[in-house]
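Read through the structure below, which is laid out as structure tokens, and then see the notes.
Any value given below was found using the heavy atoms of this structure, including those in side chains, with hydrogens, waters and symmetry copies removed. Order of the sequence lines sets the chain letters (A, B, ...), proteins ahead of strands, with each chain counted from 1.
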2 protein chains.
Amino acid sequence: MDKTTTKTDPRVLRTRQLLRDAFVELLEEMDIEKISVNKLAERATINRVTFYLHYKDIPDMLEKMADDMISDIHLVLDRSAIKSESPEVINTTMLVKLLEHIADHSKFYKVILASQRTTIFTERLLRMLTGLISEGIDQRGSHSYVAKANIQKDIAIWYSSAALIGTIVSWLRADLPYSPVFLAKQFLLLRTLSEQKE
Amino acid sequence: MDKTTTKTDPRVLRTRQLLRDAFVELLEEMDIEKISVNKLAERATINRVTFYLHYKDIPDMLEKMADDMISDIHLVLDRSAIKSESPEVINTTMLVKLLEHIADHSKFYKVILASQRTTIFTERLLRMLTGLISEGIDQRGSHSYVAKANIQKDIAIWYSSAALIGTIVSWLRADLPYSPVFLAKQFLLLRTLSEQKE
DNA sequence: AGACTAAATTTACAACGTGTCGTATAGTGA
DNA sequence: TCACTATACGACACGTTGTAAATTTAGTCT
């Protein structure tokens, strides 16, 4: 009768869902540090004390939400990763699946990934660098040269992953002006260029 | 007599410096959302009320600190950008100056740029992607191919700037394992590869 | 169905953080 | 020296936090 499936009380699922939805709503309306357990509970139409039955505090709730996010993404990705195709096909498939998943839940991801503080500092630097890089590209035009790469592996990894996630955040902030498939293709163009290793 | 220079009361400079130092200290010890005006004032050895004479609240203080950070960086960069050399030389010079500046104030930058919440989500995603990319590089080995690039300019900008700042954050978190000059060279190798434009 | 169990509510409390008062003190600049 | 102003101090009303009961409500199991 009882499989390994639903052991969890529907009430806790309901409460957590209400809390998460309320959190996303509030994060759309105000900065994160203005969100109190009070407001959260009120918006979620649950009692404030109930919050503490589920989470230690708001940072703890974020932690759990992040865990769930990663779990969800793994669910989306892992299935397709099993069949052994060529690395390029796998990468493309996974990337497309990731971007489509994000696009499908763009309200959540936009508000969660793009929310402020202390992203301010990173944010500011990013804005400045965006300007400089933009100028650089304008000046250089299409005269870029392809160098013989001699690049540290860890640096390449830092570089690629930061580029990937940062681009996704910009894509979300711009309200998804490109399709997941198109963006994935662009990524692979950019990424294969940078993936030389020592 | 009075030039355009120091018009500001040394007391306010002192107070603000105390506050900023205290903030960096506290951010080393605890998460940002645990930093209260109380603790800040106590650590800065100023009266709590004095804080409100300078800043509206803690987010406002962060805002101002970010402004100052950008100003400082502009001071470091702009001088060298004036003389009209080739784009490559300018880029290299500026990048090295930027990285050296960050390395010189690495305690500040590390604590400010690398501090948590709600970076958690971005953080988690980044960690996951780092793993995936790392695997990808391992599998592919040195068989990367250089594609004829046909890449949207805005995507390339998103990509490059996110990569740049993300790499700097990783570099800081790893406690500066490479010299600024070396890292700058690696950047330029990676960056010129990605700067194809449509 | 009814008994058992777990979650959510309600009320209350003490501790702390916030933002803003006057007013007193002490450092600054001419 | 003197006017000016930043800082210190004590105090206030108010919201938030985290916890502890006792109680009600809803789900589970047979």
Side-chain angles (χ1 to χ4, degrees), chain A residues 1-27 29-65 68 115-118 120, chain B residues 1-27 29-65 68 115-118 120:
Chain A
M1 286 297 161
D2 56 323
K3 302 172 184 176
T4 73
T5 50
T6 58
K7 279 183 153 188
T8 35
D9 198 311
R11 286 172 292 181
V12 325
L13 294 177
R14 179 190 123 95
T15 299
R16 288 190 186 152
Q17 196 53 53
L18 287 172
L19 277 171
R20 281 143 211 244
D21 290 348
F23 187 81
V24 172
E25 272 187 45
L26 289 176
L27 204 47
E29 298 169 18
M30 63 191 70
D31 283 336
I32 190 170
E33 68 281 350
K34 295 291 178 191
I35 298 180
S36 65
V37 179
N38 267 327
K39 291 177 193 155
L40 200 49
E42 186 182 6
R43 180 64 62 100
T45 62
I46 64 156
N47 193 278
R48 186 175 68 87
V49 178
T50 306
F51 173 89
Y52 294 101
L53 297 178
H54 295 270
Y55 306 109
K56 189 175 155 290
D57 49 22
I58 286 179
D60 179 55
M61 178 176 171
L62 290 181
E63 205 85 53
K64 303 288 173 53
M65 285 176 76
D68 293 345
S115 87
Q116 307 292 61
R117 284 206 179 78
T118 75
I120 327 169
Chain B
M1 286 300 160
D2 57 324
K3 302 171 184 177
T4 72
T5 50
T6 57
K7 277 183 154 187
T8 36
D9 197 312
R11 283 173 294 180
V12 324
L13 294 177
R14 179 189 124 94
T15 299
R16 290 189 183 152
Q17 195 54 51
L18 287 172
L19 278 170
R20 281 144 211 243
D21 290 348
F23 187 81
V24 172
E25 272 187 44
L26 289 177
L27 204 47
E29 299 170 17
M30 62 191 71
D31 284 335
I32 191 171
E33 68 279 352
K34 293 293 177 190
I35 298 179
S36 64
V37 179
N38 267 327
K39 291 178 192 153
L40 200 48
E42 186 182 5
R43 180 65 61 99
T45 63
I46 63 158
N47 191 278
R48 185 175 68 88
V49 179
T50 305
F51 173 89
Y52 294 101
L53 298 176
H54 295 271
Y55 307 107
K56 187 175 156 292
D57 49 21
I58 286 179
D60 179 56
M61 179 175 170
L62 290 181
E63 204 86 52
K64 303 287 172 55
M65 286 177 75
D68 292 346
S115 89
Q116 307 292 61
R117 307 237 146 53
T118 72
I120 326 169

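- As judged by a 4.0 angstrom heavy-atom cut-off over every strand, Thr50(A) is placed among the base-contacting residues.
- Counting heavy atoms of neighbouring residues, nucleotides and ligands inside a 6.0 Å radius, atom CD of Glu42(A) does not exceed 12 of them.
- Here the P atom of nucleotide dT7(D) and the NE2 atom of His54(B) are 3 Å apart, to the nearest Å.
- Residue side chain Arg48(A) reaches the base of dG18(D) through a donor-acceptor N/O pair under 3.5 Å, judged by distance alone.
- Of the candidate nucleotides dC9(D), dT9(C), dA6(D), dC9(D) has the atom lying nearest to any side-chain atom of Val49(B).
- Closest heavy-atom contact between Lys64(B) and His54(B): NZ-O, 4.3 Å.
- Straight-line distance from the CG atom of Asn38(B) to the C1' atom of dG17(C): 6 Å, rounded to whole Å.
- Contact detail for Thr50(A) and Ile46(A): the closest heavy-atom pair is CB-CD1, 4.0 Å.
- Tyr52(A) places its OH atom 18 Å from the P atom of dA21(D), with the value rounded to the nearest Å.
- Taking atom OH of Tyr55(B) as the reference point, atom P of dT7(D) lies 11 Å away to the nearest angstrom.
- The interatomic distance linking Phe51(B) (CZ) with dA6(D) (P) rounds to 17 Å, in whole Å.
- Lys56(B) has its NZ atom 8 Å from the P atom of dT20(C), to the nearest Å.
- When each of Asp9(A) and Asp57(A) is assigned the nucleotide of DNA chain D with its nearest heavy atom, Asp57(A) is the one assigned upstream, toward the 5' end.
- Counting only heavy atoms from C-beta on, Asn47(A) has its side chain closest to dT9(C) among dT9(C), dT28(C), dA8(D).
- Checked by distance alone, Arg11(A) brings a side-chain donor or acceptor within 3.5 Å of a matching partner on the base of dA26(D).
- For the pair Leu18(B) CG and dG27(C) C1', the interatomic distance rounds to 15 Å; values are reported in whole Å.
- Distance, Glu42(B) CD to dG17(C) P: 9 Å, rounded to whole Å.
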